[in-house]
Participant: 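What follows is a single structure, and I will ask about it in a moment.
None of the values given here were measured: they were computed from a predicted structure.
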Amino acid sequence: MRIHIQTGQNMTQEITPDVWQAGLARAEMTDAGLAVSFGAAREEFAAAIGETEILIAGGGTVGKLLPFNAPRLKMLFSTSAGVDQLMPFDWMTPGAVVLNNSGVHSIKTGEYVAMALVMLNAGLPDFIASQHAHKWERHMTPSLRGRRVTVVGTGALGGAAAEQARHFGAIVTGVSRTGAVHPHCDHMLTTDALDGVLPTTDCLILAAPLTSQTNQLLNARRIALLPKGAGVVNVGRGELVEQDALCDRLDDGHLSGAVLDVFVPEPLPPGHRVWTTRNLVVTPHVSAGDPLTYYPDTLDIFFKNLKLWQAGKPLPNLVDTTHGY
C-alpha cells in the first residue's frame, strides 16, 4: 500500500516519521506492506501523488494543491475535521473515500468554549475595556446556572461545547440538520427552527461545519434576533457569520461580547475592524489544536479506520461528500 503524508511547513507540529512510527506501535501494526513517503513542498507532492493510494494531509493543504491527478487514490484522510476546502468533491478519483479526524478536537475545544462562556457571562470583555480606559466601573453578573445556551452544530465540537455548558448548569438547546437527540442537550431543534430560539438565547455557540447551507448562517437578520446582552462564540468557520453585522451589534452595545476563533479572512490583516470592535476577544484559530496530542491522536484515528477499511467494515470517520461532513 502506497501512502503519502503531505505536511505543512512546520514539521514540529505535523506527522513526522517519528510520530508515524509511534502511531504504528500504538496500533500494534508494522510497516510491512506499507510504502510511506513524506513531503512538505509542492514538488515532493507532485513526485508522489501519481502512485499514492492513501493520501494523509490537512484539508487546507490539499486544497492549495488542487487540481492534481491521482489515478490510484483510494482514500484521502484529512488531518482536519472540516473538509470545506476540498468541496466540491468532483476532483476525487472515482470510488475513493474521504475520511477526517473528527474526535481529535473535542477535549481542547470543550475547554476553550468553557473559557469563553465564563468570560462572556462574567462580563470580562467589558471589564478589560474598562481596564484599558483606566475606568473603575463595577457591575454584577449572574451565574451560568440556568442561563440559556444554544449550540449550532452538535458534532464532536458542538457536543463538547454542550457538555461544558451543561457542566455549569446552563440550559442547552442544540441545533443540527436532523435535530437528532443529543445526550448533552436539553432540547434539540433542526436548523430551520433556529430563528425561534435566538430571542431567548443568552449565549450562542457556533460549531457547525462550513457548507453551502451554513455559509452566513448567522446573518444580520438573525443577529438582530438575539436579545440585548447576548454573547456569541464561534469555533466553527468564520464564514458561518456575517462578520461586519456582528461587529456592528457589538459596537452599538446590543451584544455584550463575543469570543471568536475563526474569521474572514485568515490571518486578519493589520487595521481590520475586528481588532478594535468593542468587547470582541480574538484568538487566531487555535481553539481545537493541542500541540502535544493533535497528530498522535489523529494517527490513532487513522489506524483505527485503516483496519476497518481493510476488513471491509463501516468507517466511523467517513465523510458524506454530499453534505460535506
Side-chain angles (χ1 to χ4, degrees), residues 1-27 29-31 33-105 209-210 237 262 266-267 285-286 288-307 309-310 315 317-319 321 324-325:
M1 183 68 66
R2 181 73 170 82
I3 299 174
H4 180 69
I5 301 171
Q6 186 72 13
T7 69
Q9 298 301 312
N10 183 2
M11 286 293 289
T12 63
Q13 294 183 12
E14 291 283 357
I15 299 176
T16 63
D18 287 345
V19 172
W20 172 263
Q21 289 297 327
L24 278 172
R26 287 193 304 277
M29 296 177 64
T30 69
D31 54 9
L34 301 179
V36 184
S37 59
F38 298 81
R42 181 179 289 270
E43 294 77 15
E44 292 170 306
F45 178 82
I49 192 60
E51 299 298 319
T52 295
E53 295 171 275
I54 297 178
L55 174 60
I56 301 175
T61 298
V62 177
K64 293 175 182 177
L65 294 166
L66 288 171
F68 54 78
N69 184 31
R72 299 185 61 189
L73 190 67
K74 298 176 182 177
M75 176 192 294
L76 167 61
F77 180 83
S78 172
T79 59
S80 51
V83 293
D84 47 279
Q85 305 98 328
L86 305 175
M87 297 175 66
F89 290 94
D90 52 5
W91 59 271
M92 282 290 293
T93 306
V97 295
V98 180
L99 284 75
N100 66 8
N101 70 345
S102 178
V104 165
H105 316 78
L210 177 60
R237 285 286 190 264
V262 285
E266 290 187 8
H285 207 142
V286 295
D290 184 331
L292 300 180
T293 65
Y294 189 91
Y295 286 105
D297 288 351
T298 290
L299 275 183
D300 291 347
I301 289 174
F302 168 73
F303 286 123
K304 176 183 177 180
N305 281 269
L306 179 62
K307 289 178 179 179
W309 183 62
Q310 291 173 329
L315 306 177
N317 286 75
L318 182 67
V319 172
T321 55
Y325 57 89

Participant: When you measure from the side chain of T61 to the backbone N and O of A57, does any donor-acceptor pair fall under 3.5 Å?
Facilitator: no
Participant: Are the side chains of V319 and L99 in touch, meaning some heavy atoms are under 4.5 Å apart?
Facilitator: no
Participant: Quick check against the 3.5 Å criterion: does W91 have a side-chain atom that pairs as donor or acceptor with the backbone of L86?
Facilitator: yes
Participant: How about H285 and R237: do any of their side-chain heavy atoms sit closer than 4.5 Å?
Facilitator: yes
Participant: Using side-chain heavy atoms (C-beta onward) and a distance below 4.5 Å, is V97 in contact with K74?
Facilitator: no
Participant: Judged by atom type as modelled, is there a donor-acceptor pair below 3.5 Å linking the side chain of S80 to the main-chain atoms of G59?
Facilitator: yes
Participant: Test your reading of the model: is there a side-chain donor-acceptor pair from R26 to the backbone of Q21, 3.5 Å cut-off?
Facilitator: no
Participant: Looking at T16 and V19, would you say the former's side chain and the latter's main chain have a donor-acceptor pair under 3.5 Å?
Facilitator: yes
Participant: Assess the side chains of R2 and S37: does a donor N or O sit below 3.5 Å from an acceptor N or O?
Facilitator: yes
Participant: Please check if the side chain of K307 supplies one atom and the backbone of M29 the other of a donor-acceptor pair under 3.5 Å.
Facilitator: no
Participant: Which residues satisfy the ring pair (Phe, Tyr, Trp, His ring centres under 6.0 Å) test with H4, sequence neighbours excluded?
Facilitator: none
Participant: Between S78 (side chain) and N100 (backbone), is there a donor-acceptor pair under 3.5 Å?
Facilitator: no
Participant: Among V62, I49, I56, L65, find the residue that satisfies the side chain to side chain contact (heavy atoms under 4.5 Å, CB included) test when tested with Q6.
Facilitator: L65
Participant: Answer yes or no: is there a side-chain heavy-atom contact under 4.5 Å between F302 and M75?
Facilitator: yes
Participant: Let me confirm one number: the CG-NE2 distance from D297 to H105, rounded to the nearest 0.5 Å.
Facilitator: 10.0 Å
Participant: Could you tell me which non-hydrogen atom of N305 sits nearest to which non-hydrogen atom of L315, and how far apart they are?
Facilitator: O-CD2, 3.5 Å
Participant: Quick one: does L55's side chain get under 4.5 Å of F77's, heavy atoms only?
Facilitator: no
Participant: Roughly how far, to the nearest 0.5 Å, is the OG1 atom of T7 from the CZ atom of F45?
Facilitator: 12.0 Å
Participant: For V36, enumerate each residue passing the side chain to side chain contact (heavy atoms under 4.5 Å, CB included) test, keeping only those at least two apart in sequence or located in another chain.
Facilitator: I3, I5, W20, L34, F38
Participant: Mind checking ring pair (Phe, Tyr, Trp, His ring centres under 6.0 Å) for Y325 and listing every partner two or more places apart, or none if nothing turns up?
Facilitator: none
Participant: Just wondering, do I15 and L299 contact through their side chains at under 4.5 Å, heavy atoms?
Facilitator: yes
Participant: Does N101 use its side chain to pair, donor to acceptor, with the backbone of T298 at less than 3.5 Å?
Facilitator: no
Participant: What's the spacing between L306 CG and N317 CG if we round to 0.5 Å?
Facilitator: 12.5 Å
